[in-house]
Each structure stands twice: as C-alpha cells, then as structure tokens.
Amino acid sequence: MRIATWNINNVNLRLPLLLAWLEATKPDVVALQELKSTTKDFPTRELEQAGYGALVVGQKTWNGVALLARDAEPIVVRRTLPGDLADRQARYVEAAIDGVIVTSIYAPNGNPWPGDKFAYKLAWFERLTRHAAELHASGHPVVLAGDYNVVPTPRDIYVSSSWNNNALIQPEARAGFEKLLKQGWTDSVRKQHPDEPMYSFWDYRRNRWERDAGLRIDHLLVGKSLKAKLRGAGVDRAVRAMEGASDHAPVWIELAM
DNA sequence: ATGCCCATTGCAAATGGA
C-alpha cells in the first residue's frame with residue numbers, strides 16, 4: 001500500500017501534473033494540501049476518471065486539503081481539527097481508506113516570526129498533538145500525512161543562515177513536532193533514510209531547486225501498529241523539476257498490507 | 001531591513017503568502 005502526501009500549491013493550476021504523477025506512480029492514497037480551491041471547484045470528475053475517489057475540504061483562495069483513494073471512496077471521519085470552533089481555515093481532513101485512518105494535514109506556516117501567525121501555528125500544533133494522542137490511543141492503524149511546516153532538525157535543511165528568522169525552524173516549532181513524535185509516532189521517511197536529507201520543499205526564490213537548497217517539511221508519521229509494516233519511502237523529486245511545478249515534491253511511503 | 005517567486009487582482013503595480 002503506497003500512501004503519498006503532496007502540497008500541490010493550487011490543484012486546478014497543476015491538475016495535468018497531478019494526473020500524470022498518479023498515472024506514473026499509482027499511489028493507493030494521496031493527501032493533498034494547499035488546494036487553493038473551493039470544494040465546488042475541485043476537479044472531482046477528472047480524478048474520478050483517473051480512478052480516484054476524493055474527499056475535499058476546500059476554501060476559496062487559500063488552504064484546502066483533500067484525500068484521494070484509488071478505486072475507492074474515502075470514508076470521512078472528520079473535516080476539521082478539534083479544539084477551536086472559531087477556526088475556519090481548511091487545514092485538516094481525516095478518513096478511513098482500506099482499513100487505515102489517514103489524514104491530510106496542512107499546518108500553518110507561521111511567518112512572519114514572531115507574531116500572531118506564529119502563535120496560531122503553535123496553538124494549531126497543540127490541537128493536532130491533542131487529537132493525535134486520541135488517535136494513537138485508539139489502536140487503529142493511523143498515518144498522519146501532510147505538510148507540517150516544521151523542519152524537525154538541522155539535518156532536514158541545507159546549511160544556510162537565510163532561515164534563521166523563519167517560523168519553520170524555530171525551537172518552539174521543532175519542540176512541538178518532537179512532542180508529537182514522542183507519543184510514539186514514527187517519522188517514516190527519516191527512519192527509512194537516516195543518512196540522506198530527503199528534502200520535500202524548495203522555495204521558488206534564489207534558484208533553490210537548482211542548488212538543491214531544500215527543506216524537509218512534508219511528513220508521514222505512522223502509528224505503532226504500522227511501524228513494522230514500513231517497507232519503503234521516498235520523494236518524487238522529478239515532479240519538482242517539471243515546468244509549472246509546485247514548490248513541494250510528493251513524498252510517499254510503502255506499507256506491507 | 002528588504003527582496004528574491006508565484007499567483008491574484010483586475011488590467012499596472014500592489015498585495016499576500018510562505
């Protein structure tokens with residue numbers, strides 16, 4: 001079972017890239033972020049024709065998350081992250097697909113740092129951590145997939161001082177990710193590839209793709225019952241090199257099930 | 001200290017995001 005996560009940075013703009021990638025790699029489950037599309041404008045029909053059922057939590061202009069399932073319809077568990085009824089940002093969706101609970105997470109970026117947006121990032125991450133504890137305790141097989149907007153350690157970013165004042169590497173953000181992991185989740189890409197950077201995001205500016213000046217911020221955390229089923233992980237870097245690419249590449253894991 | 005890139009808005013250059 002192949003599960004992928006991809007911050008697509010506007011699903012309608014990049015639909016041809018998405019369809020080509022689905023056809024080429026045939027993931028069983030896909031978590032998409034930054035749809036920048038309402039639910040109504042999401043390309044449900046085109047994905048259906050490509051063999052994928054979709055669960056979409058859209059929003060006009062910003063955010064937006066979805067889960068795709070090959071030859072199946074995701075069974076919705078929740079469309080919002082609990083803990084703040086006033087939060088209207090489309091950043092979370094959770095579904096059951098082939099007996100696995102899968103999320104599409106789009107954690108707040110949190111820039112500029114410091115400020116209100118960084119406070120929102122930390123608060124959102126706290127909510128995620130509380131909810132993840134419940135999921136972990138449930139005993140269900142769970143994959144927490146998405147764009148966490150956190151560079152967990154210095155190994156997950158090229159050597160640079162350019163990001164020193166950026167929300168993605170701040171100690172509080174890293175501590176939040178660490179606290180989540182400590183519940184017992186496995187950072188599956190890092191586990192499979194302990195000695196490679198495994199970047200998933202390259203800023204459009206300053207030729208960062210060409211320089212491989214990347215960050216690893218898209219993660220697939222697996223619960224205890226799935227850890228032993230992990231068979232592979234990777235980043236589809238070729239997708240980032242294409243004309244009109246998202247600034248993120250798809251990240252995937254392979255589970256023996 | 002700010003811009004870099006990208007897309008949108010609305011039709012030019014400003015805005016906002018990340």
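Chain identifiers are assigned alphabetically (A, B, ...) following the order of the sequence lines, protein sequences preceding nucleic acid strands; residue numbering begins at 1 within each chain.
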Identify which nucleotide among B:dA7, B:dA18, B:dG17 has an atom closest to any side-chain atom of A:N109, counting heavy atoms from C-beta outward. B:dA18
Take atom CG of A:D203 and atom P of B:dC6, then tell me their distance rounded to the nearest Å. 9 Å
Specify the residue among A:W62 and A:Y204 whose closest nucleotide of DNA chain B lies further upstream toward the 5′ end. A:Y204
Are OP1 or OP2 of B:dG17 and a side-chain N or O of A:K36 less than 4.0 angstrom apart? no
Roughly, in whole Å, what's the span from CG in A:N165 to P in B:dA18? 18 Å
May I ask you to establish whether A:R216 and A:Y199 are in a cation-pi arrangement, using a distance under 6.0 Å from NZ or CZ to the six-membered ring centre and at most 45° from the ring axis? no
Of the listed nucleotides B:dG3, B:dA7, B:dA18, the one nearest the side chain of A:R14: B:dA7
Nearest-angstrom distance from the residue atom CG of A:N111 to P of B:dC4: 17 Å
So is A:R2 actually on top of A:W252's ring, under 6.0 Å and inside 45° of the axis? yes
Expressed in whole Å, how much space separates the P atoms belonging to B:dA13 and B:dA1? 29 Å
Looking only at the side chains, is there a donor atom on one of A:W202 and A:D247 sitting less than 3.5 Å from an acceptor on the other? no
Sugar-phosphate only, base, or nothing, as touched by A:F118 at under 4.0 Å among non-hydrogen atoms: nothing
Can you tell me how far P in B:dA14 sits from the matching atom in B:dG10, rounded to whole Å? 15 Å
Take atom CG of A:L13 and atom C1' of B:dT8, then tell me their distance rounded to the nearest Å. 11 Å
When the C1' atoms of B:dA7 and B:dA18 are considered, how many whole Å apart are they? 13 Å
DNA chain B: 5'-proximal contact among A:N10 and A:H248 (nearest heavy atom): A:N10
Using atom C1' of each nucleotide, how far apart are B:dC11 and B:dT2 to the nearest Å? 27 Å
Please state how far atom NZ in A:K60 lies from atom P in B:dA7, giving the value in whole angstrom units. 17 Å
Spacing between A:F201 atom CZ and B:dG17 atom P, to the nearest angstrom: 15 Å
Span that lies between the P atom of B:dG3 and that of B:dT15, in whole angstrom: 11 Å
Reckon A:R205 has a side-chain N or O less than 4.0 Å from the OP1 or OP2 of B:dG17? no
Judged by modelled atom types alone, do A:E134 and A:H131 share a side-chain donor-acceptor pair under 3.5 Å? no
Among side-chain atoms of A:Q33 and A:S104, is any donor-acceptor pair under 3.5 angstrom? yes
To the nearest Å, give me how far apart CG (A:D247) and C1' (B:dA7) are. 11 Å
When you check the phosphate oxygens OP1 and OP2 of B:dA18, does a side-chain N or O of A:Y148 lie under 4.0 Å from one of them? no
Rounded to whole Å, the CZ-C1' distance (A:R91 to B:dG17) equals 10 Å
